[in-house]
Amino acid sequence: MVDMIDRLEPQSITMVQSLPEWESILGEIEMAEFFGLNLTATGPDPLCHEIQRISLALPNAPSSSTVYTVDIADRPELKESIIGDLAGLLENGRIKKTLHDSKFVLSFIRARAGRKLNFCSIFDVMLASQICWSGYYYLTPSGNPKNPWTKRLVDHSLASLAERHLGIILDEEGCPAQGAAALLPLHDILADLLAKNDLQRVADLEFRAAIALVEMEISGIGLDSSGARDLIDQEEDEIIDQIWRMQDEAERKGFVTVSFDGKRLCCYLNPDRQEDVMAFLAKRGYRPANTKAEVLKSLAAAGCSFAEALMRYRHLSYNLLFLNKWLEKVHPLDGRVHPQYFQIPSSTGRISSRHPNAQQIPRRGDDAPAIRRLFRPAAGKRYVKADLSNIELRIMARISGDEAMQEAFIKGIDLHRLTASRISGTPFEEVTDSQRQAAKAMNFLLIYGGSAKSLQWRILSDYGEFICLDETEERLERFFCSYPGVREWQKMQLSQMSYTMQHHFHNCVRGFFSLPLTATRTILGRRRIWPRFGAGITASKFQMYNTPCQGTGADLIKLVMAEVYEKLSDEEARIIGSIHDEIILEVPEDRAEEYAARLKEIMERIGSEMLYPVPVKAEAKVMRNLAE
DNA sequence: AACAATGGCGCG
DNA sequence: ACCGCGCCATTGTT
C-alpha cells in the first residue's frame with residue numbers, strides 16, 4: 001500500500017508550455033511504453049465543445065509517477081500538433097494506455113482528428129471496474145416503510161475508484177493531473193482483479209468495442225425533421241380528437257374530477273391520471289385491477305369506447321413524445337441526432353442508449369413504418385441493416401448442450417416448427433402457421449423460465465384463447481421431453497443460485513479479498529454477481545436462466561462491433577446503430593450490396609465461432625430508410 | 001423546489 | 001411470480 005500511495009503523489013506536475021517541451025515528453029513516453037491519459041473539456045459534446053486540458057502520467061521507477069499537463073485552452077497554437085501526436089500514441093500498439101471512460105476521451109480526439117483512428121492497447125479502468133462489479137449493489141435504508149431498503153449500484157466514476165481502491169479523495173472537478181496520476185495504480189489493481197476473476201477476455205473485448213461506440217455517437221442518425229414535424233401536426237390533430245371524445249363521454253356521464261390545477265387540457269378527466277381513469281371506469285361498471293393496455297383491450301372488446309379512445313390516446317401521446325424528443329436532439333452542427341451509448345450499464349452486459357434512446361425506435365404497430373421512414377441516410381448513402389436470427393435460442397442450444405436443439409440448428413431446421421410438431425404431435429410438414437406461432441411464443445417463454453401459468457397467460461393475451469392449466473402443463477412437459485438438455489441446464493442453473501462461489505474484490509482498507517456469492521457466466525466468461533446479505537439469496541431463478549443467454553448475446557454483438565469497426569468501416573461506411581442483435585451501417589449506395597454481404601459474413605463467422613457447434617445465421621438488407 | 005418512486009409502454 | 005433497458009407524467013417525500 002505504501003508503494004501505491006507514493007505513486008499517487010506525482011513527484012512533479014509539469015505544465016507544458018512549448019512544442020519542444022512537448023516533443024521531449026513524447027520521447028519519454030515512447031521509452032516508458034505505458035502511460036495514463038486524462039483530459040477535461042468545456043462540455044460533454046465532442047462536436048462542439050473543446051478539449052481544455054490534457055494530463056499524461058508516466059510511471060517513474062519504481063513506484064511513483066510524473067505528470068505532464070498541457071493547457072490547450074491557454075495555448076491554442078499547440079493544439080493541432082498535440083492532438084495529432086496523441087492520436088498517434090493511441091494508435092501505437094506497442095505503447096499501453098490507461099484511461100478512465102475511454103469513450104469520452106477518444107470521442108474528443110476522434111472528432112478533432114477528423115479521420116478513422118485505429119486505437120489499440122487501451123485499458124479503461126471504468127470498464128474494468130464495471131466488469132468486476134457487474135450486477136453488484138448495496139442496500140441502503142430508504143425511509144420508506146413499504147420498501148425499507150433501496151438498491152444502490154456501485155459508482156464507477158474516477159473519483160469513486162480512487163477513493164475505493166487508493167483511499168484518496170480527488171479534488172472536485174478541476175485538476176485532471178491528479179486523476180491521471182491515479183490511473184496508473186488503478187490500472188495495476190484492476191488488471192489484477194480481472195485476472196483473479198478470470199475476466200480478461202471480457203475486458204479485452206470491451207476495450208476493443210469502446211471505439212465502435214465512439215463511432216456510433218459521432219456518426220449520429222439522420223432524421224427528416226420537416227417530415228417529423230408534419231407527422232407531429234397530424235398526430236396532434238388526432239390526439240385532440242381523442243381527448244375530446246374522452247372528455248365528451250366523461251361529461252355526458254357526469255364525471256367531474258375533484259381537483260383542477262389549471263394545467264390540464266380539460267376539467268372533466270385527466271387521461272394521464274390513472275386515478276381519474278379508474279374512477280371513471282368504475283362509474284361505468286367496470287372494475288379493472290389496473291389501466292394497462294391489456295386490460296383496456298379487453299374492455300374495448302366488451303364495448304367500452306372510452307377504453308379504446310384511451311388506448312389510442314396513449315399510443316399517440318407516446319409517439320408525440322418520441323418525435324419531439326428526437327427533434328429536440330437534432331444537432332445544430334450537422335442536423336443529425338447523436339444518441340449516447342453506454343457500454344456496460346446493465347448487469348447482463350448489454351449496451352444501452354439514451355438522449356434519445358436509439359434502441360426503442362417504434363417497430364410494432366401500424367404507424368411504426370411512418371415513424372421509421374423519417375430515419376434516413378445522407379444523400380448518396382444507404383442503410384445496411386443486419387440482424388442475428390434467433391440468436392437467443394441458438395445461444396440456449398449452445399450453453400445447454402441440448403442435442404435435439406443443436407441438431408435442428410446444424411441441419412437448418414426451423415426450430416419453431418419443430419417445437420410445434422413435438423408439442424402437438426403433428427408431423428413436421430403439416431404444422432400450421434398458427435401452431436408455429438404458438439410454439440414460437442413458447443420457445444421464447446422458456447428462455448425466461450416461464451411456467452405453465454405464464455404460458456396460459458401469454459396464450460390468453462396473444463390469441464384470446466383460454467387453455468386450462470392442465471393443458472399448458474402438459475405442453476410444457478412435452479416441450480422439456482423434446483429438449484431434455486434444456487431441462488438439465490435449468491436444473492443446474494437453479495443449483496448455482498444457492499451455490500456459493502468466491503468472487504474477488506479490492507478496496508484500500510482490505511486490499512484484495514473475496515466474498516461468497518451467487519454468479520452466472522456467459523460463454524466468453526462475463527460474470528454477473530449477486531450480493532449476499534446474510535444467508536439471503538438475491539438472485540431469482542429467472543435471472544439465473546436469462547442472464548447467460550442475454551449476456552452471451554451482448555458479448556457476441558460487441559465482438560461483431562469491434563470487428564466491423566476494425567475491418568469494415570471507414571470514413572465513407574460508418575456504423576451508426578447497434579440494437580442488441582442488430583447492426584446498422586450507413587454506406588455509399590453504389591457499394592451497399594457489397595457491405596451487406598461483408599457484414600453478414602462477419603456476423604455469421606464470429607457468431608458461429610463463439611457458439612460452435614451451433615451455426616449462426618444473419619440476415620442483411622439494404623434500405624433507403626429504417627422502414628423498408 | 002428538488003428528488004425518488006411508481007405505473008405504463010417502447011425496444012430487444 | 002417473465003429477463004434487460006430508458007422515458008414520461010404523476011404523485012409522494014424531504
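A note on names: the letters A, B, ... follow the listed sequences, proteins ahead of strands, and every chain is numbered from 1. Computed from a predicted structure; not experimentally measured.
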Item checked: Euclidean distance, atom NZ of residue K151(A) to atom C1' of dA4(B) [Å, nearest integer] -> 16 Å
Notebook entry, point to check: Atom CG of N319(A) to atom C1' of dG8(B): distance rounded to whole Å?
Noted result: 15 Å
Note to self: What contact category does Q550(A) fall into here, base, sugar-phosphate, or nothing, at under 4.0 angstrom with non-hydrogen atoms?
What the structure shows: base
Next item on the list: Check every atom of dT11(C), dG6(C), dC11(B) against the side chain of R363(A) and return the nucleotide holding the closest atom.
Entry: dC11(B)
Next item on the list: Report the nucleotide, chosen from dG4(C), dG12(B), dT11(C), that has the shortest atom-to-atom distance to any side-chain atom of E275(A).
Entry: dT11(C)
Margin query: Expressed as a whole number of angstroms, how long is the span from L556(A):CG to dG4(C):P?
Written below: 20 Å
Notebook entry, point to check: Between dG4(C) atom P and M544(A) atom CE, what is the distance in whole Å?
Noted result: 12 Å
Next item on the list: Could you tell me whether R354(A) contacts a base, only the sugar-phosphate backbone, or nothing, with contacts defined as non-hydrogen atoms closer than 4.0 Å?
Entry: sugar-phosphate
Note to self: Could you work out, with ring pair (Phe, Tyr, Trp, His ring centres under 6.0 Å) as the rule, every residue matching Y341(A), not counting sequence neighbours?
What the structure shows: none
Next item on the list: Choose from dG4(C), dG12(B), dC7(C) the nucleotide whose nearest atom is closest to any side-chain atom of T348(A).
Entry: dG4(C)
Check: Of all residues at least two apart in sequence or in a different chain, which pass the side chain to side chain donor-acceptor pair (under 3.5 Å) check with N625(A)?
Finding: none
Check: So, is N357(A) near the phosphate of dC5(C), with a side-chain N or O under 4.0 Å from OP1 or OP2?
Finding: no
Notebook entry, point to check: Are the side chain of T552(A) and the backbone N or O of T522(A) linked by a donor-acceptor pair below 3.5 Å?
Noted result: no
Margin query: In this structure, how many angstroms lie between the P atom of dC11(B) and the CZ atom of F375(A), rounded?
Written below: 12 Å
Next item on the list: Starting at atom NZ of K325(A), determine the distance to atom P of dC8(C), rounded to an integer number of angstrom.
Entry: 4 Å
Next item on the list: When you get a sec, tell me which of dG10(B), dC3(C), dC8(C) is the closest nucleotide to the side chain of H315(A)?
Entry: dG10(B)
Note to self: Need one value for S317(A): base, sugar-phosphate or nothing, where a base atom within 4.0 Å counts as base even if backbone is also close, heavy atoms only.
What the structure shows: nothing
Notebook entry, point to check: Looking only at side-chain N and O atoms, does R273(A) come under 4.0 Å of OP1 or OP2 in dT11(C)?
Noted result: yes
Next item on the list: Report the distance from atom CE of M278(A) to atom P of dT11(C), rounded to the nearest whole Å.
Entry: 13 Å
Item checked: ring pair (Phe, Tyr, Trp, His ring centres under 6.0 Å) involving F480(A) - partner list, sequence neighbours excluded -> none
Item checked: Rounded interatomic separation in angstrom, taking CD from Q360(A) and C1' from dG10(B) -> 5 Å
Next item on the list: Could you check which of dG8(B), dC5(C), dT10(C) has an atom nearest any side-chain atom of D272(A)?
Entry: dT10(C)
Next item on the list: For D124(A), check side chain to side chain donor-acceptor pair (under 3.5 Å) against everything at least two apart and list the hits.
Entry: S102(A)
Check: Is it true that R312(A) and D367(A) make a salt bridge, defined as a side-chain N closer than 4.0 Å to a carboxylate O?
Finding: yes
Next item on the list: Sort and list the pairs that fulfil ring pair (Phe, Tyr, Trp, His ring centres under 6.0 Å) and have at least one residue in residues 346-369 of chain A, not counting sequence neighbours.
Entry: none
Notebook entry, point to check: Phosphate oxygens OP1/OP2 of dG6(C): is one of them under 4.0 Å from a side-chain N or O of S352(A)?
Noted result: yes
Next item on the list: Would you classify T547(A) as touching base, sugar-phosphate or nothing, given that sugar-phosphate means primed atoms plus P, OP1 and OP2, and contacts are heavy atoms under 4.0 Å?
Entry: nothing
Check: Which is true for K453(A) with a 4.0 Å heavy-atom rule: it touches a base, it touches only sugar-phosphate, or it touches nothing?
Finding: nothing
Notebook entry, point to check: Side chain of F542(A): nearest nucleotide among dC5(C), dC3(C), dG12(B)?
Noted result: dC3(C)
Item checked: Sub-4.0 Å heavy-atom contacts from residues 291-300 of chain A onto DNA chain B, ordered by number -> T291(A), K292(A), A293(A)
Margin query: Under a 3.5 Å distance rule, please check whether N546(A) uses its side chain to pair with a backbone N or O of F542(A) as donor and acceptor.
Written below: no
Next item on the list: Would you check if there is a donor-acceptor pair between the side chains of E586(A) and S219(A) at a distance under 3.5 Å?
Entry: no
Next item on the list: Quick one: label I361(A) by what it contacts on the DNA or RNA (base, sugar-phosphate, nothing), any heavy atom closer than 4.0 Å.
Entry: sugar-phosphate
Check: With sugar-phosphate meaning primed atoms plus P, OP1 and OP2, does R314(A) contact a base, only sugar-phosphate, or nothing at under 4.0 Å between heavy atoms?
Finding: sugar-phosphate
Margin query: If you only use heavy atoms from C-beta on, which nucleotide in dC11(B), dC3(C), dC8(C) is closest to the side chain of R364(A)?
Written below: dC11(B)
